[in-house]
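Data block below; observations after.
Counting starts at 1 for both ligands and their atoms, in listed order. As the structure is a computational prediction, the values presented were derived from the model and not from experiment. One-based numbering along the sequence shown.
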Amino acid sequence: MAEAQPAKRVRTAILISGRGSNMAALIAAARDPAYPAEIVLVVSNRPDAPGLALALQAGVPAMAIDHRPFGGDRAAHEAAIDARLRQTDVEIVCLAGYLRLLTPFLVSAWRGRMLNIHPSLLPAFPGLDTHARALAAGVQLHGCTVHFVTLELDSGPILAQAAVPVLPGDTAEVLADRVLAQEHLIYPMALRNFAAGTAGAPASPVAALRNPAGP
Ligand code: GRF
């Protein structure tokens, strides 16, 4: 009788620009051979991104594709990234603190296969400075969202969210840390659901908080 083959894992790349803590959470989750996605590549547009060293320490191939030599030609920079993704047989792309606005070229090329994590409960507070804006707005709940990347900024279909309370005396930094802890739970959960073909399964804040390991 033929031996059972290990399940094929979905080849996943992560694009970063900086610290890489969400990237590290995805890499840590994917260390489990039963996790349905494998992190095969990390690309940073900034050669000095601390996340690059973290990825290499974790044994994940990591490289910079610096945007600066491309001048203002965003599409040419994206073409270089896209070429590397395809050479590496990547099937899913996760943006994790990738701080370049994408052109329609890369978004269309990876439509339905590109995820992002955003530090707010979308559709509230798309864009930058989400924690300060949440405090200024006086919301009592804030949080984070994993969503598909579409042409409109921070607006694609939602895969997972987690909510945190806004507490008296919170600063933007304190609130950011509270949200970040949830980002590190829901991004691996959302990627797992998507890679396993169960995207769209409920991933409510309660599910995320109670059962970070999955449905
Ligand atoms: C996170 O807050 C993420 O939601 C946002 O950028 C930040 C990246 O942090 N898109 P890190 O590099 O993953 O630590």
Among Leu121, Val164, Thr130, Val166, find the residue that satisfies the side-chain contact (heavy atoms from CB on, under 4.5 Å) test when tested with Val179.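 The option that passes is Val164.
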What do you reckon, does Ile16 put a non-hydrogen atom under 4.0 Å from ligand 1?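 The answer is no, since Ile16 has no heavy atom less than 4.0 Å from ligand 1.
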Would you say Cys144 contacts ligand 1, with heavy atoms under 4.0 Å as the rule?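 Flag not set, Cys144 not near ligand 1.
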Could you list which atoms of ligand 1 come closer than 4.0 Å to a heavy atom of Gly97?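 Those atoms are 6 (O), 8 (C), 10 (N).
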Which residue owns the protein heavy atom closest to atom 10 (N) of ligand 1, what's the atom, and how far is it?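 Minimum-distance protein heavy atom for atom 10 (N) of ligand 1 reads Ile117 O, 2.9 Å.
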How far is atom 4 (O) of ligand 1 from its nearest protein heavy atom, and which residue and atom is that?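 Protein heavy atom with the smallest distance to atom 4 (O) of ligand 1: Glu183 OE1, 2.7 Å.
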Same cluster or not: Met114 versus Ile16, using hydrophobic residues (I, L, V, M, F, W, Y) connected whenever any side-chain heavy atoms lie under 4.5 Å apart?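 Met114 and Ile16: separate clusters.
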With sequence neighbours excluded, what pairs up with Ser21 under the side chain to side chain contact (heavy atoms under 4.5 Å, CB included) test?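 Once residues adjacent in sequence are excluded, the partners of Ser21 under the side chain to side chain contact (heavy atoms under 4.5 Å, CB included) criterion are Arg19, Leu180, His184.
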Side chain to side chain contact (heavy atoms under 4.5 Å, CB included) involving Ala79 - partner list, sequence neighbours excluded: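 With sequence neighbours excluded, Ala79 shows a side chain to side chain contact (heavy atoms under 4.5 Å, CB included) to Phe105, given in chain and number order.
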Counting heavy atoms only, name the option from Gly18, Gly20, Ser120 that's nearest to atom 12 (O) of ligand 1.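 Selected option, by shortest heavy-atom distance: Gly20.
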Donor-acceptor pair, side chain of Arg11 and main chain of Asp89, under 3.5 angstrom: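 Yes, Arg11 side chain to Asp89 backbone: donor-acceptor pair under 3.5 Å.
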Determine, stepwise, if the pair His147 / His118 fulfils side-chain hydrogen bond (donor to acceptor under 3.5 Å, both in side chains). CA-CA 8 Å; His147 64 96; His118 180 77; 5.5 Å; no
Any N/O of Arg19 closer than 3.5 Å to an N/O of ligand 1?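 The answer is yes, given that Arg19 and ligand 1 share an N or O pair closer than 3.5 Å.
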